[in-house]
Protein chains: 2
Amino acid sequence: MDRDKILLTPGPLTTTLRTKLAMLRDWGSWDSDFNEVTARVRRSLLKVIHGEDSHVVVPMQGSGTFSVEAAVATLVPRDGHVLVMDNGAYCKRAAKLTSLMGRSCTVMPFDEATPVSPVALEAKLTEDKSITHVVLIHCETGAGVWNPLQAVADVCAKHDKGLIVDAMSSFGALPIDARETRFDALIAASGKCLEGVPGMGFVFIRKAVLDGCAGRSQSLAMDLHDQHSYMEKTGQWRFTPPTHVVVALAEAITQFEAEGGQPARLARYTANYQTLIHGMSRLGFMPFLDPSVQAPIIVTFHAPGDPRYDFKAFYAAARQRGFILYPGKLTQVETFRVGCIGAIGPDEMEQAVQAVALVLEDMGIASGEPAI
Amino acid sequence: MDRDKILLTPGPLTTTLRTKLAMLRDWGSWDSDFNEVTARVRRSLLKVIHGEDSHVVVPMQGSGTFSVEAAVATLVPRDGHVLVMDNGAYCKRAAKLTSLMGRSCTVMPFDEATPVSPVALEAKLTEDKSITHVVLIHCETGAGVWNPLQAVADVCAKHDKGLIVDAMSSFGALPIDARETRFDALIAASGKCLEGVPGMGFVFIRKAVLDGCAGRSQSLAMDLHDQHSYMEKTGQWRFTPPTHVVVALAEAITQFEAEGGQPARLARYTANYQTLIHGMSRLGFMPFLDPSVQAPIIVTFHAPGDPRYDFKAFYAAARQRGFILYPGKLTQVETFRVGCIGAIGPDEMEQAVQAVALVLEDMGIASGEPAI
């Protein structure tokens, strides 16, 4: 039937009809009504991290990666030196964009199945004094690892290094408190745990470092300092905002707040995660990560060992039954991923597990058990 | 009453309900259904400029300015030298982003009330052999001037210089034929004359120069060559696409084609323009530009000379009556602007003129006649 499929992907994800309905109007980007929407979104975002006193938030057009690139370009001086703690694909992407824009970049590799190590970071910062900034991915969506933000932030604070946190897939769900955790920049996007539609990101910048960021960016479009100054002065975006995406985000945030904010969202996603894990275990599937390092955002499963398994066929069959899965992003092991986020609850996760069970049956696969 | 205001702005603009309704679904950015939407949009865009044989088209997240920056970064070698033909605010912006990213940039100033001069360009290219690329804004929205694309392209072709055309506010309405007009890149966006919602741009790149563009961009997010290679290989966007914006654009393009494509759109906008100009003349308003250089996209009017005129009050009163006007962008003269584009016809333009008449009456202004 012509029914919307459920997106078990880490953004774009399933949004509520109410959020999408907000897009049925056109808004003048120069108009006061729209400026008020932008202002309201910014106020609400700051509240999520209790950052009203310490941070500003700067919305940015484009996907989340644009905001990551903008944060590095705006925060790191041209002669700065960035250390990227790398335990996955999104870390590698952050390192790549940092090097490309001409900033010195050192990559510190970690196993993709484990969190990055604050102890190793401490040693590195002690050894190499030239490092000015550290980049951390809060939840590495490549495998789904929950990285130790607080411990990393503490090490950075101790050594007085700027910390840039990519919180793309964690913001709004995992706890982040700017009053307790020191970071110079933290990045997220509209189409993730706030359950808006994709099309814009936003970057929290610590007020103490904001002024120093003027003129650092070699990109006009991605200069967060310039975007912020203009917005403070005029209430407007510098360049055409994705108006419909912005109003959808405003509507999504209203629902986020009504649900109970970050703690409620974490509780729902955790319930989704547990339903998924238990259901998939019953079918023999094995998660890639140890539960102790797994964020309840996206789960990587080993591919079944059965020779009849083929990801494309598996994906297509699950899709046919109404569920969009996500391919794996690990280089060494065959996996697939299932997102736990979006406007879905345990009922949808149960249905997804049931769909996977039927798919295995159709494919003649007795168990999801991996080969290893 | 709670009725949508009509946006007389050059994007975001008024879109059809049908276009907005397309955003009521969520799409997986990795899914084949969505890939097919992207592919369809790209095929349709190439048809608009008859560029199937000569060009590729690369969609890009963000506002139109992001695509302009991406085009310069991708097309111009790091040691290239860009000449910007400057007759307005958007030309100055293009020059600024070019310099910021570290490309050598020369600005050739022209009066903002006149088109740029191909003769002057020819002289400049003859004199300065170091210039590698020329940037032209097709319709300078600052004042509304229609710049001579064909003549500029001919000069660039003769001197074998790369031409980068910002066709943001002209694409889809003014004629552009890649079979007759040589350009290396041409940039436009979703929320302009195609009447989609804002949130993405797209860049046509001449196939003959495409391969040479690899590795030129210092920005990962804005690397059009990389975006294109990945899209050709996978059918997907490199980074999360603004899915709802993309499907809205696809729906807008379907309506664009059904209306009769670019010639039909130009005819409707020309009718809008004429209705506006005649109506406003009756009220005493004087357009800033000579009609011979005016594109039927956006019209700059001199502010009324009456001392009771105040733009903020004028804007607010027109808004109250359902019409969103646009502020002027000229530095020397007080003006305001009225867009002729969007999902509106001469009826709406008549209503707008009538609203302006009532606003003048309310403000006690006898005529829109300027002071000069």
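So that the names make sense, note that chain A is the first sequence line, chain B the second, and so on, each numbered from 1. Below, each value reflects all heavy atoms present in this structure, side chains not excepted, and no hydrogens, waters or symmetry copies.
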- Note on the structure: Applying a strict 4.5 Å limit to non-hydrogen atoms, the region of A:M200 in contact with chain B is neither

- Message: Quick check: do B:M23 and A:H244 have side-chain heavy atoms less than 4.5 Å from each other?
- Response: yes

- Between B:E195 and B:G342, which heavy-atom pair has the shortest distance, and what is it? OE2-O, 2.7 Å

- Between A:A22 and A:V247, which heavy-atom pair has the shortest distance, and what is it? O-CG2, 3.4 Å

- Are the side chain of B:R93 and the backbone of B:T65 linked by a donor-acceptor contact shorter than 3.5 Å? no

- Rounded to the nearest 0.5 Å, how far apart are OG1 of A:T300 and CD of A:E140? 9.5 Å

- Item | Non-hydrogen atoms of A:V68 and A:A94 that approach each other most closely | CG1-CB, 4.5 Å

- Item | residues 27-34 of chain B: residues contacting chain A (heavy atom under 4.5 Å, by number) | B:W27, B:G28, B:S29, B:W30, B:D31, B:S32, B:D33

- Item | Portion of A:S217 that has a non-hydrogen atom of chain B nearer than 4.5 angstrom | backbone

- In this structure, OG1 of B:T234 is separated from CG of B:N35 (nearest 0.5 Å) by 7.0 Å

- Keeping the roles fixed (side chain from A:Q227, backbone from A:W237), state whether a donor-acceptor pair exists under 3.5 Å. no

- Given a strict heavy-atom distance threshold of 4.5 Å, which part of A:T9 is in contact with chain B: side chain, backbone, both, or neither? neither

- Item | side-chain hydrogen bond (donor to acceptor under 3.5 Å, both in side chains) involving A:Q218 - partner list, sequence neighbours excluded | A:R103

- Query: Where does A:L7 contact chain B at under 4.5 Å (heavy atoms): side chain, backbone, both or neither?
  - Reply: side chain

- Query: Which atoms form the tightest heavy-atom contact between B:A188 and B:A167, and what is the distance?
  - Reply: CB-O, 3.9 Å

- Message: So which residue, B:G62, B:A221, B:G215, ends up with the most heavy-atom pairs under 4.5 Å with chain A?
- Response: B:A221

- When heavy-atom pairs shorter than 4.5 Å are enumerated against chain A, which of B:P198, B:G102, B:G11 gives the highest number? B:P198

- Short side-chain to backbone donor-acceptor contact, A:D4 and A:I6, under 3.5 Å: no

- Item | Rounded distance [0.5 Å steps], CZ in A:F171 versus CE in A:M168 | 11.5 Å

- Query: So which residues of residues 69-77 of chain A are in contact with chain B at a heavy-atom cut-off of under 4.5 Å?
  - Reply: A:E69

- Look at the side chain of A:D166 and the backbone N and O of A:I137, then say whether any donor-acceptor pair between them is shorter than 3.5 Å. no

- Message: At a heavy-atom distance under 4.5 Å, which candidate from A:L13, A:V197, A:V246 has the highest pair count against chain B?
- Response: A:V197

- Message: Sort by residue number and list every residue of residues 313-325 of chain A having at least one heavy atom under 4.5 Å from chain B.
- Response: A:Y315, A:R319, A:I324

- Quick check: does any side chain N or O of B:R238 sit under 3.5 Å from a backbone N or O of B:S229, one acting as donor and the other as acceptor? no

- Item | Residue, of A:T14, A:D223, A:L8, A:L17, that accumulates the most heavy atom pairs under 4.5 Å with chain B | A:T14

- Query: Where the side chain of B:Q61 meets the backbone of B:T240, is there a donor-acceptor pair that is under 3.5 Å apart?
  - Reply: yes

- Fit a plane to each ring of B:F311 and B:F336, take the angle between them on a 0 to 90° scale, and name the class: parallel (under 30°), tilted (30 to 60°) or perpendicular (over 60°). parallel

- Could you tell me which portion of A:V245 (side chain, backbone, both or neither) has an atom closer than 4.5 angstrom to a non-hydrogen atom of chain B? side chain

- Query: Side chain of B:K20, backbone of B:T15: donor and acceptor closer than 3.5 Å?
  - Reply: yes

- Looking only at B:G64, B:S219, B:A189, B:G199, the option with the highest number of non-hydrogen pairs under 4.5 Å against chain A is B:S219

- Residue part contacting chain B, namely of A:L21, when any heavy atom lies under 4.5 Å: both

- Task: Of all the heavy-atom pairs spanning B:A250 and B:V37, show the shortest one and how long it is.
- Result: CB-CG1, 3.7 Å

